[in-house]
Amino acid sequence: MTKLPIDNALLDSLVGEVAPWVSSITGWELNLTSLRCRALSKEQGYEEIVLGRLQGVNIDEWKELMPDFLERLIETMVEENALAAYMPGAGEILVMRENVDDSNLDGLKLVLAHELTHRAQHMAHGRLFARLDRLLWQAFTLIQSPETSLQPMQQIYAQVQPIMTLLESHASYIQGIVKQNYLPEARVERHFNLATLLLRLIGAPKVAQYTEGLPQVVAAANAGSMDALFSRAGD
């Protein structure tokens with residue numbers, strides 16, 4: 001299948017087109033002057049997205065603590081499944097060029113709409129992202145402790161999961177409106193492979209984040225209370 005010639009210049013151009021839609025729908029500013037967009041090869045995905053996100057909250061010892069087989073598994077799932085990611089610490093959107101299909105630019109615009117929504121969330125409700133960072137750091141501290149028990153980790157997970165569900169479900173909701181209003185023929189293609197199967201089986205909680213919070217998001221959108229919903233999640 002023909003792949004798009006994804007480069008930074010193309011991404012900047014598409015972001016310039018999609019960003020006003022996202023800002024208009026969310027009512028939140030994106031501050032594009034401080035946002036970078038960068039194309040990666042999928043072999044860079046784990047290093048840049050996973051380790052980069054952890055380094056953004058000053059977690060540098062992940063590779064030393066992670067069993068090799070589990071790290072390889074996560075690496076494979078990211079490199080074969082990830083399309084793009086918003087990195088709040090670096091203020092940039094990363095796009096995996098081999099994973100974005102095909103010669104239809106509208107599909108890439110939808111992917112960017114999702115990540116630009118995360119940017120809008122971050123700019124409007126930075127406290128929520130700061131809270132998530134603190135929880136990630138607490139979880140890492142527990143992993144390092146020789147006296148780690150399951151209960152504290154479960155308590156942290158119980159706080160992280162609703163936040164991630166809100167962020168991802170809201171981004172999916174905005175992506176859907178962009179498709180409906182501006183790109184009705186757009187499609188984001190995903191191809192089935194072993195990594196996809198592993199993600200569905202092992203990463204089911206992550207996959208669920210994109211849809212489980214949709215009823216709550218839709219209700220808040222209809223009531224005009226999206227800011228209140230995000231503010232409560234950040235407390």
Side-chain angles (χ1 to χ4, degrees), residues 1-19 21-22 30 32 35-56 62-63 66 68-119 122 164 167-168 171-172 174-176 178-179 182-183 185-211:
M1 178 174 289
T2 303
K3 298 292 183 180
L4 286 168
I6 305 296
D7 58 25
N8 295 354
L10 175 63
L11 295 179
D12 286 341
S13 174
L14 296 181
V15 163
E17 180 179 351
V18 176
W21 302 341
V22 172
L30 279 76
L32 294 182
L35 176 69
R36 291 197 309 160
C37 297
R38 190 154 53 95
L40 304 177
S41 66
K42 68 178 184 179
E43 288 77 14
Q44 297 173 283
Y46 177 73
E47 195 79 22
E48 294 268 2
I49 294 175
V50 177
L51 299 185
R53 180 70 179 91
L54 294 173
Q55 289 166 359
W62 175 260
K63 291 175 72 70
M66 179 65 58
D68 287 344
F69 81 91
L70 186 54
E71 184 179 17
R72 296 286 79 78
L73 179 61
I74 296 172
E75 182 176 358
T76 298
M77 288 194 292
V78 170
E79 291 180 354
E80 297 300 328
N81 287 284
L83 301 178
Y86 172 62
M87 309 296 287
E92 64 179 359
I93 292 174
L94 305 178
V95 175
M96 306 272 277
R97 60 167 64 93
E98 295 96 336
N99 293 351
V100 180
D101 291 326
D102 46 6
S103 59
N104 179 9
L105 281 177
D106 286 352
L108 179 53
K109 291 175 186 177
L110 284 183
V111 171
L112 291 173
H114 187 102
E115 302 310 326
L116 285 167
T117 302
H118 289 318
R119 171 67 172 185
H122 185 203
M164 292 303 301
L167 295 176
E168 295 296 355
S172 295
I174 299 300
Q175 179 182 332
V178 168
K179 176 178 171 61
Y182 303 102
L183 304 166
E185 303 301 321
R187 65 193 185 278
V188 178
E189 295 186 8
R190 293 180 181 271
H191 300 289
F192 185 83
N193 53 33
L194 179 59
T196 306
L197 177 62
L198 289 173
L199 180 64
R200 291 177 181 175
L201 294 176
I202 300 172
K206 176 60 182 176
V207 174
Q209 290 170 357
Y210 294 84
T211 56

Asker: If I compare all heavy atoms of V78 with all of Y46, which pair ends up nearest, and what's the gap?
Answerer: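 Heavy atoms only, the tightest pair is CG1-N, 4.0 Å.
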Asker: Indicate the atoms forming the closest heavy-atom contact of M87 with I49, along with that distance.
Answerer: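 Looks like CE-O, 3.4 Å.
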Asker: Can you confirm whether V18 sits close enough to L116 that some side-chain heavy atom of one is under 4.5 Å from a side-chain heavy atom of the other?
Answerer: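 Yes, their side chains come closer than 4.5 Å.
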Asker: Just verifying a value: how many Å separate L51 CG and Q44 CD, rounded to the nearest 0.5 Å?
Answerer: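 Rounded to the nearest 0.5 Å, the CG-CD separation comes out at 12.5 Å.
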Asker: How close do G107 and A186 get, counting heavy atoms only, and between which atoms?
Answerer: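 Taking G107 first and A186 second, the nearest heavy atoms are N-CB, 4.3 Å.
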Asker: How close do E98 and K42 get, heavy atom to heavy atom, and via which atoms?
Answerer: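 Looks like OE1-N, 2.7 Å.
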Asker: How far does CG of L40 sit from CG of N8, to the nearest 0.5 angstrom?
Answerer: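 Answer for the CG-CG pair, L40 versus N8, is 8.5 Å.
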Asker: State, with a plain yes or no, whether a side-chain heavy atom of L108 is found less than 4.5 Å away from one of L11.
Answerer: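 L108 vs L11: side chains touch.
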Asker: When Y86 is tested against each of E115, H118, R119 for side chain to side chain donor-acceptor pair (under 3.5 Å), which residue passes?
Answerer: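 With Y86 as partner, side chain to side chain donor-acceptor pair (under 3.5 Å) holds for just one option, R119.
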Asker: To the nearest 0.5 Å, how far apart are CG in D106 and CG in L14?
Answerer: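 So the CG of D106 and the CG of L14 are separated by 9.5 Å.
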Asker: With V22 as reference, evaluate V15, L112, T117 under the side-chain contact (heavy atoms from CB on, under 4.5 Å) test and give the passing residue.
Answerer: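 The single option meeting the side-chain contact (heavy atoms from CB on, under 4.5 Å) with V22 is T117.
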Asker: Testing the basics here: between A82 and N99, what is the closest heavy-atom pair and its distance to 0.1 Å?
Answerer: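 Distance-wise, the nearest heavy atoms are O-ND2, 2.8 Å.
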Asker: Between S13 and A9 (side chain of the first, backbone of the second, donor and acceptor by atom type, cut-off under 3.5 Å), is there such a pair?
Answerer: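 Not at all, since once roles are kept as given, no pair shorter than 3.5 Å links the two residues.
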Asker: I want to check something: taking the side chain as every heavy atom from C-beta on, are L10 and L105 in contact at a cut-off of under 4.5 Å?
Answerer: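 Side chain of L10 against side chain of L105, heavy atoms only: contact under 4.5 Å found.
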Asker: Of the non-hydrogen atoms in I6 and A39, which two are nearest, and what is the gap between them?
Answerer: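 Here I6 and A39 meet closest at CG2-CB, 3.8 Å.
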Asker: Kindly indicate whether the side chain of R187, heavy atoms from C-beta on, has any atom under 4.5 Å from the side chain of K179.
Answerer: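 The answer is no; the side chains never approach within 4.5 Å.
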Asker: Can S172 and Q175 be counted as having a side-chain donor-acceptor contact under 3.5 angstrom?
Answerer: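 No, because no side-chain N or O of S172 sits under 3.5 Å from a partner of the opposite role on Q175.
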